[in-house]
Amino acid sequence: MENSIIKSQAYGKDLVRVVRVVRHPDGWQEIVDYTVRCLLSGKEFGPSYTKGDNKLVIATDSQKNTVFYLAKTLPAEKVMVPEVFATEIASFMVNKYPHVTSCQIKIITKPWERMQFDNKSHPHSFVREGKETRWAEAVVAKLNPPSAIATTAHVTSGFYDLEVLKTTNSSFVDFWRDELTTLPDMPDRMLSTRVQCQWRFVAETLESLKGVDFNAVYAGAKRHTLDAFANDPRAWVHASVQTTLYIMADRILNNFAQIDDVYYALPNIHYFPFDMSKFGLKNLQTDAEVYMPLADPSGYITATIARPSKGKL
Ligand SMILES: O=c1[nH]c(=O)c2[nH]c(=O)[nH]c2[nH]1
């Protein structure tokens, strides 16, 4: 059958591991450790799928080489921030090849933390502390008509696997009850989640992204996530994972005008007090001291939160 059409396509290289070091004259050194995915799209790639015609195919091997080439030749500040490096690679691809109409670059960072000794940061030694993983994605596309030089850019960033737990100041009560309900009201419970958070910068032009301090946004998103979880003084914020999620996202939107929307996925990793009434021991509700964490199932609470003009609900 050869009548089928290509609805969309994207091809390229995944899992390109690249590390860049910046060496300052005083001995201070910086490192980024990236895993890059590069995907190219364009109508003219059609024949490579439908006719075995490779004439316009930019080999995925060449795409991998481009990532290393740009990591070496771009000024350091354009490599060391993942959102900026992703945008640079995507722009390079779209500008260099007339038949590439859009390029999507995703970068996952390996979080090397500088070693600390006697409260001093080590100039060139790093440790993997097992915290959250930061990633960024840039999509740069030619504007219509496809021959135009102008481009649009969308940047999405986020982190995943930020694990948090608190032993009190979380509740879940007054929920819907029917014959399928067994969960008691929990006015004070343990709460733990593994935060996945992402936020989008929607830019009309690449220029408008230039002023964004992506590292500050990342640090702020993480800080507001932790602070809302642990410290928000309003009791209702801790009434459910849903309310906490909303407040986390609301804080990010209020603090960073460049962000269009924020998505969270928060598994509710259950820590249930172990019922010891059979042993004559009280270990439920206010007596809870010994808990059994459940590997699965978990709750899974998600939402995308936007500014009022953009919201759908
Ligand atoms: O914060 C919560 N939200 C829920 O929707 C829910 N459902 C549930 O069983 N426990 C919880 N906790």
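Every heavy atom of this structure was used, including side-chain atoms; hydrogens, water molecules and symmetry mates were not. Atoms within a ligand are numbered from 1 in the order they appear, just like the ligands themselves.
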message: Taking atom CZ as the centre, does R251 end up with more than 12 heavy-atom neighbours from other residues, nucleotides or ligands that are less than 6.0 angstrom away?
response: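 Counting other residues, nucleotides and ligands, CZ of R251 exceeds 12 neighbours.
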
- request: Decide if atom CD of Q116 counts as having more than 12 heavy atoms of other residues, nucleotides or ligands within a radius under 6.0 Å.
  value: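 Yes, enclosed.
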
query: Between T225 and Y264, is any side-chain donor less than 3.5 angstrom from a side-chain acceptor?
result: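 Yes, Y264 and T225 have a side-chain donor paired with an acceptor closer than 3.5 Å.
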
Donor-acceptor pair between E137 and H154 side chains, under 3.5 angstrom: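 Side-chain D/A pair, E137 to H154: absent.
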
Whether H238 lies under 4.0 Å from ligand 1, heavy atom: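 Checking ligand 1 against H238, which is what was asked, there is no heavy-atom contact under 4.0 Å.
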
query: Does an N or O anywhere in R189 fall below 3.5 Å from an N or O of ligand 1?
result: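 Among all N and O atoms of R189, at least one is under 3.5 Å from an N or O of ligand 1.
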
task: Compute the shortest N/O to N/O distance between M186 and ligand 1 and return yes if it is under 3.5 Å, no if not.
output: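 Among all N and O atoms of M186, none is under 3.5 Å from an N or O of ligand 1.
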
- prompt: Aromatic rings F272 and H270: how do their planes relate, parallel, tilted or perpendicular, breaks at 30° and 60°?
  reply: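 Parallel.
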
- prompt: How are the rings of F172 and F175 set to each other: parallel, tilted or perpendicular (split at 30° and 60°)?
  reply: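 Aromatic pair F172/F175 classed parallel.
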
- request: For S240, take its heavy atoms, then give the atoms of ligand 1 lying under 4.0 Å from any of them.
  value: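 That gives atoms 1 (O) of ligand 1.
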
Under 4.0 Å to a heavy atom of V241 - the qualifying atoms of ligand 1, by number: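 Listed by number with element: 1 (O), 2 (C).
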
How close does the nearest protein non-hydrogen atom get to [atom], and which residue and atom is it?
atom: atom 9 (O) of ligand 1; answer: L183 CD2, 3.5 Å
atom: atom 5 (O) of ligand 1; answer: Q242 NE2, 2.9 Å
atom: atom 8 (C) of ligand 1; answer: F172 CE2, 3.5 Å

